[in-house]
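Some notes on the structure that comes next.
All residue numbers in this chain count up from 1 along the given sequence.
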Amino acid sequence: YAAGTMPSKEKLEKLRGDLTVAVAEVMDTDERGDVRAMFKSQAEKVAQLLKEEKFYLDWVIDEEVAAYYSLGISQRYFAQESPEQVARHLSALIGAKRSAKAEVESQ
């Protein structure tokens with residue numbers, strides 16, 4: 001897209017669907033796609049680290065951490081990454097989601 005232009009809401013929704021399918025194809029979790037029980041202490045540490053940054057409200061962090069650990073991301077990711085690295089990834093994701101939402105709402 002040219003600088004200063006945004007794709008239509010329909011194109012953004014299609015892209016979101018395409019990304020969801022692409023991400024689902026590389027998942028390696030249980031049938032529910034939920035790794036929270038396996039990595040509970042890591043998830044708690046990730047939430048603590050994000051709350052210490054004070055960029056987002058505590059309830060937003062709690063919801064985002066729960067959702068992130070329920071996405072169906074490979075167990076290997078959570079096993080290999082430190083809580084600090086997962087927190088950085090999640091912080092970037094939260095920021096990107098908020099930015100995208102603000103751009104769509106401003107149209």
Side-chain angles (χ1 to χ4, degrees):
Y1 298 94
T5 65
M6 279 291 296
S8 67
K9 186 173 184 177
E10 292 79 23
K11 286 183 181 179
L12 286 173
E13 290 298 325
K14 181 180 180 329
L15 178 60
R16 179 184 302 160
D18 292 345
L19 288 172
T20 301
V21 169
V23 169
E25 291 172 355
V26 297
M27 297 302 167
D28 178 25
T29 60
D30 65 14
E31 54 279 353
R32 293 168 315 191
D34 191 336
V35 297
R36 282 180 291 179
M38 296 172 66
F39 295 97
K40 183 178 179 186
S41 65
Q42 183 188 53
E44 290 171 351
K45 178 68 174 172
V46 167
Q48 175 191 348
L49 290 166
L50 291 171
K51 289 174 182 179
E52 288 172 1
E53 291 179 350
K54 301 193 184 299
F55 289 138
Y56 307 109
L57 298 172
D58 287 357
W59 68 268
V60 170
I61 292 168
D62 292 337
E63 286 184 4
E64 292 291 346
V65 168
Y68 194 66
Y69 279 80
S70 298
L71 285 174
I73 298 170
S74 172
Q75 296 172 14
R76 287 172 283 193
Y77 165 77
F78 295 107
Q80 292 175 355
E81 298 295 344
S82 68
E84 293 78 12
Q85 188 64 25
V86 174
R88 284 191 287 275
H89 293 166
L90 184 51
S91 182
L93 178 62
I94 296 168
K97 286 170 57 175
R98 288 179 168 244
S99 177
K101 182 179 179 182
E103 286 185 39
V104 169
E105 288 176 353
S106 70
Q107 294 182 359

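Residues forming a side-chain contact (heavy atoms from CB on, under 4.5 Å) with E53 (at least two apart in sequence, or on another chain): L50, F55, S91. With sequence neighbours excluded, the residues that form a side-chain contact (heavy atoms from CB on, under 4.5 Å) with E44 are K40.
Among all heavy-atom pairs drawn from D62 and K51, the shortest one is OD1-NZ, 2.8 Å.
With rounding to the nearest 0.5 angstrom, the CD atom of Q48 is 11.0 Å from the CD1 atom of I61. Separating the CG atom in L49 from the CD atom in Q85 is a distance of 11.5 Å, to the nearest 0.5 Å. For the atom pair I73 CD1 and F39 CZ, the distance stands at 11.0 Å (nearest 0.5 Å).
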Under 3.5 Å, which donor-acceptor pairs link side chains of residues 92-100 to any protein atom two or more places apart or in another chain?
unit_1, atom_1, unit_2, atom_2, d
K97, NZ, E64, OE1, 2.8
K97, NZ, E64, OE2, 3.0

Kindly indicate, with the supporting measurements, whether the criterion side chain to side chain contact (heavy atoms under 4.5 Å, CB included) is fulfilled by V86 and Y69. CA-CA 10 Å; V86 174; Y69 279 80; 3.7 Å; yes
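Taking the six-membered ring wherever Trp is involved, the centroid distance between the rings of H89 and Y68 does not fall below 6.0 Å.
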